[in-house]
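Computed over heavy atoms, backbone and side chain alike; hydrogens, waters and symmetry mates excluded. Chain naming here is simple, since letters A, B, ... match the order of the sequence lines and numbering starts at 1 in each. Everything quoted here is computed from the prediction, not taken from an experiment.
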Number of protein chains: 2
Amino acid sequence: MYSVAMSTPERLIESTQELLWERGYVGTSPRAIQQRAGAGQGSMYHHFKGKPELALAAIRRSADERQSLAEEQFSGPGTAVERVANYLRRERDVLRGCPIGRLTQDPEVVADPTLRQPVADTFGHLTLRLTAVLTEGQALGQLDPELDPADTAATIVAVLQGGYVLARAADSVEPFRRATEGAIALLAARELR
Amino acid sequence: MYSVAMSTPERLIESTQELLWERGYVGTSPRAIQQRAGAGQGSMYHHFKGKPELALAAIRRSADERQSLAEEQFSGPGTAVERVANYLRRERDVLRGCPIGRLTQDPEVVADPTLRQPVADTFGHLTLRLTAVLTEGQALGQLDPELDPADTAATIVAVLQGGYVLARAADSVEPFRRATEGAIALLAARELR
DNA sequence: GTCTATAGTTAGATAGAC
DNA sequence: GTCTATCTAACTATAGAC
């Protein structure tokens, strides 16, 4: 299942990441993790205290990976609107949904501050970075100064997360495409030329 | 738990609606449903074939309820933008999330066409109604005719669903408020005066 | 480090008495 | 219609051998 040699703890973490993405915390059993990782019962409990500890490691890693991916678009070239559009149009596995946003629907994740923290941090960081991109665009005279950067940043992140929801409901990427293109058009109308 | 007398099947359906909202399909057990409804094992299986049949009844009812609620704002008074703003600002239990959108994160719901159908219908209907409101606004000369009504409608529904995600991640309604107000401001900028 | 054995609990349902 | 009994499997571990 893994092309390169990987330690047992690594395989356990990656398997947990995948299962949390597909089935959430409530829907993921230690047994399923072990089978996907090709590790035995005793092996898993030797490296991790239990499901919560393993889940925390997996959630933290997924959160870090998403933040790095987002940063690629934000720090790229182009105007503020172009960079936002690049972010929204980035190639995504839309029907699989967002591995981080998905966790907000899990009762045990939101109820546990430790598990929820990396999720909160990811969206907090994302929103701050987008706010900075928009503010920079205003400072450079590219964007209408009347635009509220923080509100607009939240709108953009929400469109993305909501786009996933609509796509999964419809079992089609079409609503995701419409939602993101609609947002890009609304933002582009505020560009100064 | 219920103020008025209610039949056992009714109590089972309402309990299932609540549990699906809170914990999703995967996280909801027949046992938990029975306890919340104050019904016994045999009673539940007498009225419903099993968990899937009961869940379908509950999902259908939640879907109908949401569509009725939305219709109140759409058919109300005001310009197109005002009606959209009323919809986005409607009083909501933001931290509980959307009972329908929530189901899109459930692997067993999206994998079962029968369970997914009411969810797809709800967002399909919602998007069509919003598209009609925006198109009407354009016909009345209230809204920029350059705006794509279908894309913008999808954007609005996505902002709402994504707003819930951000709020639950932050355990605060603030990101939801920012996302929806940001969207309203973007849309208001396209109003013609 | 990994394996097997064991164990209490819950999931999801069926059978049959009342 | 509702209740209790019963059932197979899975869940989430712990213990101890290797």
Original post:
What bend angle does the helix from C/dG1-D/dC18 to C/dC18-D/dG1 show across its length, from five-pair end axes and to the nearest 10 degrees?
Top reply: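 The helix from C/dG1-D/dC18 to C/dC18-D/dG1 shows an end-to-end axis angle of 0°.
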Interatomic distance, [X] [atom1] vs [N] [atom2] [rounded to whole Å]:
X	N	atom1	atom2	value
A/L54	D/dC11	CG	P	15 Å
B/E108	D/dA10	CD	P	14 Å
A/E53	D/dT14	CD	P	12 Å
B/Q34	D/dT4	CD	C1'	13 Å

Can you check whether [Y]'s main-chain N or O pairs, donor with acceptor, with [X]'s side chain at less than 3.5 Å?
X	Y	value
B/R23	B/T28	no
B/Q138	B/L147	yes
A/R190	A/L143	no

**OP:** Report yes or no: do A/R92 and A/Y164 form a side-chain donor-acceptor pair below 3.5 Å?
**Re:** yes
Original post:
Once each nucleotide of nucleotides 4-18 of chain C is scored for protein heavy atoms under 4.0 Å, what B/S/- sequence comes out, 5' to 3'?
Top reply: B------SSBB----
**OP:** Using a cut-off of strictly less than 4.0 Å, decide whether A/H47 has a side-chain nitrogen or oxygen near OP1 or OP2 of C/dT2.
**Re:**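 So the side chain of A/H47 is within the cut-off, an N or O lying under 4.0 Å from OP1 or OP2 of C/dT2.
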Original post:
Is there a side-chain polar atom (N or O) of B/T8 under 4.0 Å from OP1 or OP2 of D/dG1?
Top reply: no
Original post:
Does NZ or CZ of B/R66 lie under 6.0 Å from the centre of the six-membered ring of B/W21, at an angle within 45° of the ring axis?
Top reply: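 Satisfied, under 6.0 Å and within 45°.
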**OP:** State whether A/E108 and A/K51 are salt-bridged, where the test is any N-O pair (Lys NZ or Arg NE/NH1/NH2 against Asp/Glu carboxylate O) under 4.0 Å.
**Re:** no
Subject >> Short N-O contact, B/R178 and B/E174, less than 4.0 angstrom >> reply: yes
Original post:
Which atom names give the shortest non-hydrogen contact between A/A150 and A/T127, and what distance separates them?
Top reply: O-CG2, 4.5 Å
